[in-house]
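First up is the structure itself, then whatever we jot down about it.
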Amino acid sequence: MILNDETVKKIKATVPIYPQRRSCILPALTLAYWQEGHLNDDIYREISDILDLKTVDVASAASFYTMFPKAPVGKYYIQVCHNISCALLGADSLIDYLAQKLGVKLGETTEDGLFTVVTVECLGSCTTAPVMQINNDYYENLTREKVDQILEDLRKQG
Amino acid sequence: MELKVLFKYTDDPDQYKMDTYISHGGYKAWEKVLKEIKPDEVIEIVKQSGVRGRGGAGFPAGVKWGFVPKDSPKPKYLVCNGDESEPGTCKDRVLMENDPHRVVEGMAISSYAIGAHHAFIYIRGEFVFPAERMRGAIEEAYEKGFLGKDILGTGYDLEMTVHTGGGAYICGEETALLNSLEGKPGMSRIRPPFPAIEGLYASPTVVNNVETLANVPEIINRGADWYAGMGTEKSKGTRIFCLSGHVKKPGNYELELGTPLRHLIYDLGGGILDDKELKAVIPGGSSTPVLTPDQIDVPMDFESVAEIGSMLGSCGVIVMHEDTCMVWAATRLAYFYMHESCGKCTPCRMGTQWMYQILSRIESGEGRPEDMDHLLSACDNIEGQTLCPLGDAAAMPVRSFAKTFREEFEYHIEHKKCMVQNSFPSFGQ
Ligand SMILES: Cc1cc2nc3c(=O)[nH]c(=O)nc-3n(C[C@H](O)[C@H](O)[C@H](O)COP(=O)(O)O)c2cc1C
Ligand code: FES
């Protein structure tokens with residue numbers, strides 16, 4: 001089993017909430033992503049067992065939603081917005097800076113397994129551009145100093 | 001002018017808590033509705049207020065509620081749209097984070113009016129913190145007896161659930177959102193049937209934007225006439241404008257509808273970054289046609305913005321200064337729509353790819369003389385031809401950039417370089 005007791009319990013707790021079982025798929029995928037940092041076929045199978053649904057239904061939903069990586073990523077999954085409002089305030093140079101500082105290309109993970117950098121579409125935080133999301137947290141009004149500090153803090157946490 | 005109805009308390013760091021919300025008059029409207037006003041009368045008040053949808057299309061909220069069939073034996077649902085996915089838009093997040101009880105109260109009143117006993121709020125998956133705040137508020141509301149069974153002894157039951165998405169722009173479109181809420185891939189449905197007749201779980205459903213519903217408690221407290229006294233004849237009330245891009249003071253500003261765009265950009269937004277010249281403004285989120293500096297005296301209401309060929313949309317105002325290449329901007333937007341096309345219908349799947357390919361060719365200096373015609377014909381073949389409105393949303397901005405700034409596109413093709421070299425603040429300066 002990949003999903004731990006806590007996650008399984010939380011997935012089961014969604015069942016009585018919805019009039020139809022299938023609605024539990026997205027909450028379950030989210031909980032699995034929060035635990036594992038990515039999703040895969042084994043996880044879909046486990047979720048379909050827990051919810052008593054077809055694996056294909058879980059997998060087809062999962063494949064549609066781009067927020068969940070479908071292969072392992074770094075412990076800190078850095079998602080940089082490159083949509084228009086952020087781009088107007090230097091998102092492209094932010095992306096270059098991150099890639100250079102971490103020594104990776106977009107989509108790659110640092111050798112220590114800590115960081116993966118990807119670009120994403122508008123994060124709904126356009127008035128505080130440029131913006132990035134690391135795991136579940138937003139980092140806004142980014143400056144070079146802020147980025148340096150954030151990476152340093154995360155490295156310290158390991 | 002700035003006029004704070006929804007933002008009256010959003011700067012109070014404790015506003016998200018039940019006690020603070022109540023001390024600011026919270027849940028009075030809910031109590032009043034439950035004890036004194038019949039569902040039909042609530043719908044009538046909301047109709048009279050004139051409040052229109054804040055998600056983009058501007059449909060009158062009360063009228064939409066009135067479409068829900070009263071005699072249907074099926075359960076009815078209210079779904080609050082907190083997907084906030086239109087680029088340039090970031091207003092619902094502020095309400096969900098800083099004043100979540102207002103959203104809960106608005107959802108509750110709307111549910112009561114349409115006879116729903118289960119309300120959902122669909123929040124984009126990236127918004128982990130806003131969703132947490134909404135969950136917290138709902139939990140507090142259950143504890144206080146404002147939600148659940150036999151609310152305040154009136155016999156009315158209402159369950160409320162937060163549902164989070166998985167990162168897909170199209171899930172902001174109401175029928176795609178409903179599919180997503182049902183656990184399916186978030187692809188749009190063909191309409192009719194409209195959600196009010198056959199929505200969530202094939203039952204009558206009202207879908208309203210977060211900001212739309214957040215207006216409802218004050219409409220009940222202060223009356224339809226009070227609300228209808230704000231704004232213009234056909235665009236009542238206030239709206240939250242999300243000012244982003246090349247301005248000195250970007251931010252969310254709540255303004256009375258009909259406020260000139262110039263006031264927002266120059267007075268509230270402090271003018272253009274580095275005192276450069278304004279070049280282009282997208283007034284209502286990335287899918288709305290772009291405006292030029294000579295158009296910014298337009299009053300920001302549904303009708304006036306439509307009159308000059310654009311849309312008020314989601315009120316995401318994106319400002320670009322003179323050192324912005326319009327081919328680049330159009331290409332960036334086209335990439336977004338290509339990325340977000342669900343692929344179900346050919347005109348959208350292929351059309352968004354064509355637009356992006358042609359645009360990136362022009363941008364990189366490899367454009368061909370016939371490309372402008374190809375680009376505009378791609379727009380024609382998408383608009384009105386797709387299953388859902390994503391196609392229109394994709395074609396509209398591309399066409400408007402290509403037409404409004406045609407000479408810049410042609411320069412790119414002819415000279416194989418930019419007429420204006422992009423010069424943006426490198427981040428952090
Ligand atoms: C492509 C597309 C994306 C949309 N995204 C959103 C969104 O993120 N949030 C929203 O409230 N409405 C969005 N809408 C509008 C919804 O379909 C729907 O009209 C709205 O939620 C209804 O609520 P309202 O009447 O209160 O505006 C979108 C529409 C389209 C076509
Ligand atoms: S464009 Fe980056 S958050 Fe909206």
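We use all heavy atoms of the structure for the numbers below, so side chains are in, but hydrogens, waters and symmetry mates are not. Since this is a predicted model, take the numbers as computed values, not measurements. Sequence lines set the chain letters: A, B, ... in the order given, protein chains first and strands last, and positions in each chain run from 1.
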remark   = Max heavy-atom pairs within cutoff under 4.5 Å with chain B, candidates A/L88, A/D57, A/L26, goes to A/L88
query = What option among B/K91, B/E86, B/M187, B/H246 has the most heavy-atom pairs under 4.5 Å with chain A?
reply = B/H246
Contacting region of B/V319 [heavy-atom separation from chain A under 4.5 Å] = backbone
query = Is the closest side-chain heavy-atom distance between A/E140 and A/M132 below 4.5 Å?
reply = no
query = Given the options A/V120, A/L94, A/I25, which has more heavy-atom pairs under 4.5 Å with chain B than any of the others?
reply = A/L94
inquiry  = Within a 6.0 Å radius of atom NZ on A/K10, are there more than 12 heavy atoms belonging to other residues, nucleotides or ligands?
reply    = no
inquiry  = Can a side-chain donor-acceptor contact be found between A/Y18 and B/T161 if the only test is distance below 3.5 angstrom?
reply    = no
note = Greatest number of non-hydrogen atom pairs under 4.5 angstrom with chain A, of B/E340, B/E159, B/R124, B/H118, falls to B/R124
message = Does A/D148 form a salt bridge (charged side-chain N to carboxylate O under 4.0 Å, His left out) with A/K101? I'd like the steps, not just the answer.
response = CA-CA 9 Å; A/D148 290 345; A/K101 199 168 156 91; 3.2 Å; yes
key: Selection from B/M320, B/H339, B/H163 maximising heavy-atom pairs under 4.5 Å formed with chain A   = B/H163
query = With only heavy atoms counted, which part of A/V147 is less than 4.5 Å from chain B, the side chain, the backbone, both or neither?
reply = side chain
key: Top of B/F127, B/Y169, B/F120 for chain A proximity - count of heavy-atom pairs under 4.5 angstrom   = B/F127
B/Y356/B/Y335 aromatic ring centres below 6.0 Å = yes
query = Who among B/N422, B/I282, B/L181 has the most heavy-atom pairs with chain A under 4.5 Å?
reply = B/L181
ask   = Stepwise, does the side chain to side chain donor-acceptor pair (under 3.5 Å) test hold for A/Q157 with A/D153?
value = CA-CA 6 Å; A/Q157 282 174 37; A/D153 290 349; over 6 Å; no
query = What part of B/L273 gets closer than 4.5 Å to chain A, counting heavy atoms only: side chain, backbone, both or neither?
reply = side chain
key: Part of residues 60-79 of chain A lying next to chain B, heavy-atom separation under 4.5 Å   = A/S60, A/A61, A/F64, A/Y65, A/T66, A/M67, A/F68
message = Please rank A/C122, A/C86, A/A129 by heavy-atom pairs under 4.5 Å with chain B and give me the top one.
response = A/C122
message = Looking only at heavy atoms and a cut-off of under 4.5 Å, which of B/P250, B/G167, B/C171, B/G316 has the most pairs with chain A?
response = B/G167
message = Please classify the contact between B/L243 and chain A as side chain, backbone, both or neither, with a heavy-atom cut-off of under 4.5 Å.
response = backbone
message = I'd like to check B/Y337 versus B/S286 (side-chain heavy atoms, cut-off strictly below 4.5 Å). Are they in contact?
response = yes
query = Is it the backbone or the side chain of A/Y97 that comes under 4.5 Å from a heavy atom of chain B, or both, or neither?
reply = side chain
key: Greater than 12 external heavy atoms within 6.0 Å of A/K146's NZ   = yes
key: A/K9 atom NZ, neighbour heavy-atom count above 12 within 6.0 Å   = no
task = Might you work through the side chain to side chain donor-acceptor pair (under 3.5 Å) test for A/T7 and A/N4, ending with a clear yes or no?
result = CA-CA 5 Å; A/T7 304; A/N4 61 34; 2.9 Å; yes
query = Could you give the distance from CG (A/L31) to CG (A/L3), rounded to the nearest 0.5 Å?
reply = 9.0 Å
query = Got B/V420 and B/E322 here, is their nearest side-chain heavy-atom distance under 4.5 Å?
reply = no
ask   = Who among A/N141, A/T14, A/D92 has the most heavy-atom pairs with chain B under 4.5 Å?
value = A/D92
task = Indicate, with yes or no, if the rings of B/Y77 and B/Y201 have centres closer together than 6.0 Å.
result = yes
query = So what's closer than 4.5 Å to chain B heavy atoms on A/Q20: side chain, backbone, both or neither?
reply = both
message = Quick test of your reading of the model: are A/E152 and A/K156 salt-bridged, counting only N-O distances below 4.0 Å?
response = yes
